[in-house]
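Have a look at the structure below, then the notes.
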Amino acid sequence: MSASRIEYSEKYADDDHEYRHVILPKELLRQLPRNRLLSESEWRGVGVQQSRGWVHYALHRPEPHILLFRRPLGTDPQTGRVDPELKRLALQEYKNQFGLKQNMLK
């Protein structure tokens, strides 16, 4: 199956994580285990391509071909580890986007 048929959402965030969802062609469902979260090697094995740090965190039962991913704010996309300065900048961006005062949230 061609990875080019896999669709990736834009990233979105809250004050703790950034998120994205990935839509797989329905034919790929036969290759995936059912009723459990996928390991990184499993989702990469079917052609999902993302930077480091993403975790398949929830099942979307009505549409199992949609994979839900998240990673902590401030995750370095090359190492997959949280960088405190990147986290501070990401949280500041989140607050600015929603017009929150800098002393609100963490």
Side-chain angles (χ1 to χ4, degrees):
M1 183 61 52
S2 171
S4 65
R5 294 193 47 221
I6 296 174
E7 296 179 38
Y8 299 85
S9 74
E10 294 294 321
K11 292 183 270 186
Y12 42 100
D14 62 18
D15 60 330
D16 289 317
H17 291 89
E18 61 181 334
Y19 302 87
R20 79 168 347 153
H21 56 274
V22 175
I23 303 171
L24 300 176
K26 290 184 181 178
E27 307 86 64
L28 280 181
L29 283 179
R30 289 186 284 271
Q31 298 178 31
L32 299 176
R34 298 232 180 232
N35 300 317
R36 70 171 176 81
L37 299 175
L38 303 179
S39 69
E40 182 174 351
S41 61
E42 289 172 323
W43 54 260
R44 287 194 188 279
V46 295
V48 175
Q49 298 178 0
Q50 305 184 94
S51 56
R52 295 183 186 267
W54 291 102
V55 175
H56 181 216
Y57 78 98
L59 300 173
H60 184 55
R61 297 209 189 278
E63 298 176 294
H65 65 289
I66 299 177
L67 305 181
L68 305 172
F69 291 92
R70 73 177 177 191
R71 66 181 176 188
L73 280 182
T75 300
D76 182 317
Q78 294 182 353
T79 66
R81 295 191 173 121
V82 175
D83 177 302
E85 180 62 12
L86 290 177
K87 182 174 183 172
R88 186 187 69 75
L89 292 171
L91 189 55
Q92 182 179 345
E93 182 180 333
Y94 172 78
K95 289 176 184 179
N96 290 340
Q97 181 179 2
F98 291 100
L100 302 174
K101 295 179 183 174
Q102 291 306 310
N103 61 352
M104 293 181 74
L105 303 173
K106 298 173 187 151

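FYI, side chains are in, hydrogens and waters are out, and symmetry mates aren't considered; it's all heavy atoms of this structure. What you see is a predicted model, and the numbers here were worked out from it, not measured in a lab.
With rounding to the nearest 0.5 Å, the separation of CG in Leu24 from CG in Leu67 is 4.5 Å. Rounding to the nearest 0.5 Å places CZ of Arg71 at 14.5 Å from CZ of Arg81. Expressed to the nearest 0.5 Å, how far CD1 of Ile23 lies from CZ of Arg5 amounts to 12.0 Å.
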| said: Could you go through Glu42 and His56, starting from their C-alpha distance and side-chain angles, then the distance that decides it, and tell me whether this counts as side-chain contact (heavy atoms from CB on, under 4.5 Å)? | reply: CA-CA 10 Å; Glu42 289 172 323; His56 181 216; over 6 Å; no
| task | Evaluate side-chain contact (heavy atoms from CB on, under 4.5 Å) for Val55 paired with Leu37, printing each intermediate quantity in order. | result | CA-CA 9 Å; Val55 175; Leu37 299 175; over 6 Å; no
| request: Could you please spell out the steps behind the side-chain contact (heavy atoms from CB on, under 4.5 Å) verdict for Val46 and Leu38? | output: CA-CA 11 Å; Val46 295; Leu38 303 179; 5.7 Å; no
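Hydrophobic cluster membership is shared by Tyr8 and Leu32, with clusters built from Ile, Leu, Val, Met, Phe, Trp and Tyr side chains linked at under 4.5 angstrom. One hydrophobic cluster holds both Leu28 and Val48 under the rule that ILVMFWY side chains link at heavy-atom gaps under 4.5 Å.
Here the rule is side chain to side chain contact (heavy atoms under 4.5 Å, CB included) with Leu91, and of Asp16, Asn96, Leu73 only Leu73 fits it.
Put simply, the side chain of Ser9 does not reach to within 4.5 Å of the side chain of Val22, judged on heavy atoms.
For the residue pair Ile66 and His60, the shortest heavy atom distance occurs at O-CB, 3.9 Å. Nearest heavy-atom pair across Leu29 and Pro64 is CD2-O, 3.6 Å. Considering every non-hydrogen atom in both Trp54 and Arg20, the closest pair reads CZ3-N, 3.9 Å. When all heavy atoms are compared, the tightest approach of Pro72 to Val82 is CB-CG2, 3.6 Å. Across all their heavy atoms, Arg70 and Tyr19 have their closest contact at CB-CD2, 3.5 Å. Closest approach of Ser51 to Arg44, counting heavy atoms only: O-NH2, 3.6 Å.
Enclosure of atom CD in Gln78 is not indicated, since only 12 or fewer non-hydrogen atoms of other residues, nucleotides or ligands lie within 6.0 angstrom.
At distances below 3.5 Å, not a single donor-acceptor pair connects side-chain atoms of Arg52 with backbone N or O atoms of Thr79.
Ring planes of Phe69 and Trp43: perpendicular class, angle over 60° (limits at 30 and 60°). Between His21 and Tyr12, the angle of the ring planes lies from 30° to 60°, which puts this pair in the tilted group.
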